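These figures come from a predicted structure and were not determined experimentally. Order of appearance sets the numbers: ligands from 1, and atoms from 1 within every ligand. Numbers here simply count residues along the sequence, with the first being 1.
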Amino acid sequence: MNSYDVAIIGSGPGGYVAAIRCAQLGMKTAIIEKYSVLGGTCLNVGCIPSKALLDSSHHYEDAIKHFEEHGIDIPGDVKVNLKQMIARKQSVVDQTTGGIDYLMKKNKIDVYQGLGSFKDATHILIKGEKEEEIEAKNIIIATGSKPSNLPFINIDKERIITSTEALKLTEIPKHLIVIGGGVIGLELGQVYKRLGADVTVIEYMDRIIPTMDAGLSKELNKVLKKQKFKINASHKVKSVERKGDEVIVKADNKKGEEVEFKGDYCLVSVGRRPYTEGLNAEAAGVKLTERGQIEVNDNLQTNVSNIYAIGDVVKGAMLAHKASEEGSFVAEVIAGQKPHINYNLIPGVVYTWPEVASVGKTEEQLKEAGVEYKTGQFPMRALGRSRASMDLDGFVKILADKNTDEVLGVHMVGARAADMIAEAVVAMEYKASAEDISRMSHAHPTFAEATKEAALAATEDRALHI
Ligand code: FAD
Ligand code: NAD
């Protein structure tokens with residue numbers, strides 16, 4: 001039987017990063033993945049394929065809506081070739097997952113393909129083409145998550161679908177009904193909206209992206225409505241029924257009246273749930289929380305001292321970069337180091353266009369905590385860079401402590417906000433004040449100038465270009 005210092009179950013951005021970091025730290029490492037392709041949700045059916053389709057559909061939208069104004073005439077009609085779009089997406093996924101195979105080899109990590117299940121706290125059975133058993137001093141559970149569902153919905157994977165199916169449709173829906181106005185619903189909703197579908201979003205809470213700063217929800221809602229999304233907040237879905245090629249969704253609106261939506265596809269995107277099926281955690285004595293997550297302490301250690309858990313299967317944001325941070329963290333804990341993760345500074349991004357990005361506390365959280373804060377906000381439309389590319393929507397908002405000027409939260413909607421948020425993360429990691437950011441030179445013309453201007457506005461209300 002092969003024996004390891006560390007065995008990792010699951011090869012998503014949590015598991016494969018943990019494996020690399022363990023190997024870097026000199027540990028003999030194995031990784032177990034039930035699918036034949038490494039990379040987990042993120043690389044195969046999550047971050048990477050969704051961004052590939054967002055990019056392709058963005059190009060199409062530019063071609064049909066903006067090229068003429070830019071002075072680019074295309075002879076003949078611009079058409080979508082969905083088959084090619086999906087094939088390109090798959091080739092991006094294949095290249096990316098192939099990169100993980102290379103990294104495993106480079107770092108001399110043994111890869112086992114098969115379902116990993118605990119035999120006891122130091123032995124794992126692997127059921128793949130053959131059955132194997134390995135032994136490990138330390139085990140990291142990185143089994144990720146799967147889409148959640150509502151109890152009354154039968155996801156048939158044809159017309160009533162999750163994100164996984166939405167990434168490989170063979171036709172453009174005429175009318176896509178999206179249940180859940182969160183990240184997946186809006187990103188994939190926007191893909192098909194750009195390609196020509198009508199998109200109706202049904203959200204249970206009183207606003208889309210309800211966990212983000214309310215200012216971001218309001219701005220994104222405005223922009224999406226301009227893009228002809230139909231958004232129904234405060235709607236409680238009651239039933240989803242398929243009749244041939246039609247899907248009928250019934251919901252109660254805010255007044256308690258029944259509203260009916262008819263479409264040809266329905267995307268159920270109401271969150272994701274931790275995935276532990278087949279893991280046989282009980283055999284190792286590992287405790288789960290009431291919500292089905294693996295219970296961990298601040299060191300991401302389970303109640304069994306040599307078993308750790310990371311990523312979507314534990315508490316916290318279900319984000320690839322959070323999973324990866326935890327992967328490195330746990331490897332360093334096992335190696336006896338004292339690493340740290342600042343969970344307050346894990347940024348959140350929605351890759352719609354304009355993008356939405358956020359780090360630190362929201363206004364709602366600061367109000368609830370009774371923190372005295374000041375706000376500096378700057379609209380993207382006031383930037384020369386925004387006019388050059390016709391990306392006028394959005395703003396950057398900086399929340400700073402009223403007394404110390406320390407930046408407590410940065411929230412933005414706008415072109416390339418996903419990349420711009422990194423500046424805010426660095427600033428907050430070093431406990432910058434709004435004035436610190438306002439005094440740093442920002443290249444001109446860039447979208448990032450909005451961050452400097454918002455910082456100026458937060459400092460003493462002295463934005464320059466408004
Ligand atoms: P996962 O990536 O889910 O990997 C877990 C792996 O474990 C899987 O490969 C699974 O097969 C394997 N596994 C499970 N049980 C076993 C077992 N018993 N034995 C062997 N193997 C097992 N996050 C972002 O930060 N940015 C984004 O842009 C983004 N976009 C997304 C888009 C979509 C459509 C979706 C669905 C998710 C997106 N996410 C995004 C979320 C991101 O994918 C997850 O947060 C991330 O993948 C979690 O990583 P993980 O390593 O914890 O788990
Ligand atoms: P989410 O939590 O972002 O959104 C789910 C939405 O569904 C919420 O707004 C919620 O209020 C709503 N909802 C819940 N129950 C409902 C009901 N009965 N009727 C109507 N609406 C209901 O979840 P998601 O969009 O499914 O994404 C799952 C996870 O994947 C998220 O945790 C997210 O972090 C991650 N993800 C991240 C990215 C990114 O970082 N860009 C992209 C996609 C997914």
> A side-chain contact here means heavy atoms from C-beta on lying under 4.5 Å apart; do Val247 and Tyr265 qualify?
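Of all side-chain heavy-atom pairs linking Tyr265 with Val247, none is under 4.5 Å.
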> Which of the atoms of ligand 1 are close to Ser163, meaning less than 4.0 Å from one of its heavy atoms?
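By the 4.0 Å cutoff, the relevant atoms are 34 (C), 36 (C).
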> Do any nitrogen or oxygen atoms of Leu150 come within less than 3.5 Å of a nitrogen or oxygen of ligand 2?
no
> Quick one: which ligand 1 atoms are inside 4.0 Å of a heavy atom on Val45?
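Answer for ligand 1: 34 (C), 36 (C).
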> Could you check atom 41 (C) of ligand 1 against the protein and tell me its nearest heavy-atom contact, residue, atom and distance included?
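Ranked first by proximity to atom 41 (C) of ligand 1 is Met318 O, 3.6 Å.
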> For atom 5 (C) of ligand 2, what is the closest protein heavy atom, and at what distance to 0.1 Å?
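That would be Ser269 O, 3.4 Å.
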> Is there a donor-acceptor contact under 3.5 Å linking the side chains of Asn138 and Tyr4?
no
> Mark up the atoms of ligand 1 that fall under 4.0 Å of a heavy atom belonging to Gly40, in ascending order.
2 (O), 4 (O), 8 (C), 9 (O)
> Is there a polar contact, in the sense of an N or O pair closer than 3.5 Å, between Leu319 and ligand 1?
yes
> Quick one about Trp353 and Asp393 (side-chain donor to acceptor, distance below 3.5 Å, no hydrogens or angles considered), yes or no?
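Side chains of Asp393 and Trp353: no pair found under 3.5 Å.
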> Quick test: of every protein heavy atom, which one is nearest to atom 52 (O) of ligand 1, and how far off is it to 0.1 Å?
Asp312 N, 2.9 Å
> To which protein heavy atom is atom 13 (N) of ligand 2 closest, and what is the distance rounded to 0.1 Å?
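So the nearest neighbour among protein heavy atoms is Val270 CG1, 4.0 Å.
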> Just heavy atoms, cut-off under 4.0 Å: does Val313 contact ligand 1 by side chain, backbone, both, or neither?
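The answer is neither; Val313 stays 4.0 Å or more away.
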> Which protein heavy atom lies closest to atom 21 (N) of ligand 1, and at what distance to 0.1 Å?
Lys34 N, 3.1 Å
> Which pair of heavy atoms, one from Asn306 and one from Lys137, lies closest together, and at what distance?
ND2-O, 2.9 Å
> Hey, is Arg272 touching ligand 1 through its side chain, its backbone, both or neither, going by heavy atoms under 4.0 Å?
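The part of Arg272 near ligand 1 is the side chain, not the backbone.
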> Tell me the protein heavy atom at minimum distance from atom 4 (O) of ligand 2, and give that distance in Å.
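Nearest protein contact, heavy atoms only, for atom 4 (O) of ligand 2 is Gly182 CA, 3.2 Å.
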> Could you tell me whether Ala320 approaches ligand 1 through its side chain, its backbone, both or neither, with non-hydrogen atoms closer than 4.0 Å?
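Both of them.
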> Judged by modelled atom types alone, do Gln84 and Arg88 share a side-chain donor-acceptor pair under 3.5 Å?
no
> Over all heavy atoms of both residues, which pair between Val199 and Gly189 is shortest? Give the atoms and the distance, please.
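Scanning both residues, the minimum pair turns out to be CG2-O, 3.5 Å.
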> Charged N to carboxylate O under 4.0 angstrom, Arg242 versus Glu158?
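A salt bridge links Arg242 with Glu158.
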> To which protein heavy atom is atom 19 (N) of ligand 1 closest, and what is the distance rounded to 0.1 Å?
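Nearest neighbour among protein heavy atoms for atom 19 (N) of ligand 1, to 0.1 Å: Gly116 N, 2.8 Å.
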> Using a strict 4.0 Å cut-off to heavy atoms of Leu319, name the atoms of ligand 2 that fall inside it.
34 (O), 37 (C), 40 (O)
> Considering Lys238, Lys322, Arg272, Met212, which one's heavy-atom position lies nearest to atom 28 (C) of ligand 2?
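Going through Lys238, Lys322, Arg272, Met212 one by one, Arg272 has the nearest heavy atom to atom 28 (C) of ligand 2.
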> Which atoms of ligand 2 have any heavy atom of Tyr351 under 4.0 Å away?
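Counting atoms of ligand 2 from 1, those under 4.0 Å from Tyr351 are 41 (N).
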> Please list, in number order, the atoms of ligand 1 under 4.0 Å from a heavy atom of Gly311.
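Those of ligand 1 that fall under 4.0 Å from Gly311 are 52 (O).
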> Checking a contact table here: which protein heavy atom is nearest atom 28 (O) of ligand 1, and how many Å away?
Lys51 NZ, 2.6 Å
> Measure the distance from atom 44 (C) of ligand 2 to every protein heavy atom, then report the residue, atom name and distance (to 0.1 Å) of the closest one.
Ile184 CG1, 3.3 Å
> Please could you name the atoms of ligand 1 that Ala323 approaches to less than 4.0 Å, counting only its heavy atoms?
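Heavy-atom distances to Ala323 below 4.0 Å select 49 (O), 52 (O).
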> Using a 4.0 Å heavy-atom cut-off, say whether Cys42 meets ligand 1 through its side chain, its backbone, both or neither.
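The answer is both.
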> Considering all heavy atoms of both residues, which atom of Ser358 and which atom of His411 are nearest to each other, and what is their separation?
OG-ND1, 2.6 Å
> Number the atoms of ligand 1 from 1 as they appear, then name those within less than 4.0 Å of a heavy atom of Ser11, with their elements.
6 (C), 7 (O)
> So is there a nitrogen or oxygen of Tyr351 less than 3.5 Å from a nitrogen or oxygen in ligand 1?
no
> With backbone taken as N, CA, C and O and side chain as the heavy atoms from C-beta onward, which portion of Ser145 lies under 4.0 Å from ligand 1: side chain, backbone, both, or neither?
backbone
> Would you mind checking which non-hydrogen protein atom is closest to atom 39 (C) of ligand 2, with the distance to 0.1 Å?
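For atom 39 (C) of ligand 2, the nearest protein heavy atom is Val349 O, 3.3 Å.
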> At under 4.0 Å between heavy atoms, is it the side chain or the backbone of Thr143 that contacts ligand 1, or both, or neither?
both
> Salt-bridge test for Arg159 and Asp245: reply yes if a basic N is under 4.0 Å from a carboxylate O, no otherwise.
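Salt bridge flag = yes for Asp245 with Arg159.
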> Mind checking whether Ile9 contacts ligand 1 via backbone (N, CA, C, O), side chain (CB onward), both or neither, at a 4.0 Å heavy-atom cut-off?
side chain
> What protein heavy atom lies closest to atom 37 (C) of ligand 1? Include the residue and the distance to one decimal.
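Answer, as residue, atom name and distance: Gly46 CA, 3.9 Å.
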> What do you reckon, does Ser50 put a non-hydrogen atom under 4.0 Å from ligand 1?
yes
> Return the closest protein heavy atom for atom 34 (O) of ligand 2 as residue, atom name and distance.
Met318 O, 3.1 Å
> Just by distance, no angles: are the side chains of Tyr343 and Glu326 close enough, under 3.5 Å, to form a donor-acceptor pair?
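Result is yes, a qualifying pair exists.
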> Please list the nearest protein heavy atom to atom 40 (C) of ligand 1 with its residue and the distance rounded to 0.1 Å.
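Ranking protein heavy atoms by distance from atom 40 (C) of ligand 1, first comes Cys47 SG, 3.2 Å.
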> Give the residue and atom name of whichever protein heavy atom lies nearest to atom 3 (O) of ligand 1, and the separation in Å to one decimal.
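Ranking protein heavy atoms by distance from atom 3 (O) of ligand 1, first comes Thr41 OG1, 2.6 Å.
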> Return yes when Ala317 approaches ligand 2 closer than 4.0 angstrom through a heavy atom, no otherwise.
no
> Indicate whether the side chain of Asp120 and that of His123 have a donor and an acceptor atom separated by less than 3.5 Å.
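Yes, His123 and Asp120 have a side-chain donor paired with an acceptor closer than 3.5 Å.
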> Do Asp312 and Ser145 have side-chain atoms, one donor and one acceptor, less than 3.5 Å apart?
yes
> Contact between ligand 1 and Ala166 is defined here as a heavy atom of the residue under 4.0 Å from a ligand atom; is it met?
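Not so, Ala166 does not reach ligand 1.
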> Run the salt-bridge test on Glu258 and Lys238 with the 4.0 Å N-O cut-off and return the result as yes or no.
yes
> So, regarding Pro210 and ligand 2 (criterion: nitrogen or oxygen to nitrogen or oxygen, under 3.5 Å), is there a contact or not?
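No, no N or O pair falls under 3.5 Å.
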> Under 4.0 Å between a side-chain nitrogen and a carboxylate oxygen: does that hold for Lys119 and Glu133?
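Glu133 and Lys119: salt-bridged.
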> Under 4.0 Å from a heavy atom of Ala142: give me the atoms of ligand 1 that qualify, with their elements.
5 (C), 6 (C), 7 (O)
> Which heavy atom of the protein is the closest neighbour of atom 21 (N) of ligand 2, given with residue, atom name and distance?
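Of the protein heavy atoms, Tyr204 N, 3.1 Å lies nearest.
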> Going by distance only, is there an N or O of Gly14 that falls short of 3.5 Å from an N or O of ligand 1?
yes
> Judging by distance only, is a nitrogen or oxygen of Val350 under 3.5 angstrom from one on ligand 2?
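By distance alone, the answer is no.
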> Is any NZ, NE, NH1 or NH2 atom of the basic residue among Lys65 and Glu61 found under 4.0 Å from an Asp or Glu carboxylate oxygen of the other?
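Result for this pair is yes, salt bridge flagged.
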> I need the nearest protein heavy-atom contact for atom 8 (C) of ligand 2: residue, atom name and distance, please.
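Of every protein heavy atom, Glu203 OE1, 3.5 Å lies nearest to atom 8 (C) of ligand 2.
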> Near Glu187, which atoms of ligand 2 are under 4.0 Å from a heavy atom of that residue?
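Reading through ligand 2 atom by atom, the close ones are 39 (C), 41 (N), 42 (C).
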> Applying a heavy-atom cut-off of 4.0 Å, say which part of Ile208 lies close to ligand 2: side chain, backbone, both or neither.
neither
> Are the charged groups of Glu364 and Lys367 less than 4.0 angstrom apart, N to O?
no
> Using a strict 4.0 Å cut-off to heavy atoms of Tyr275, name the atoms of ligand 1 that fall inside it.
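So the answer, numbered in order with elements, is 14 (C), 15 (N).
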> From atom 6 (C) of ligand 1, work out which of Glu326, Glu33, Glu187, Glu277 has a heavy atom at the shortest distance.
Glu33
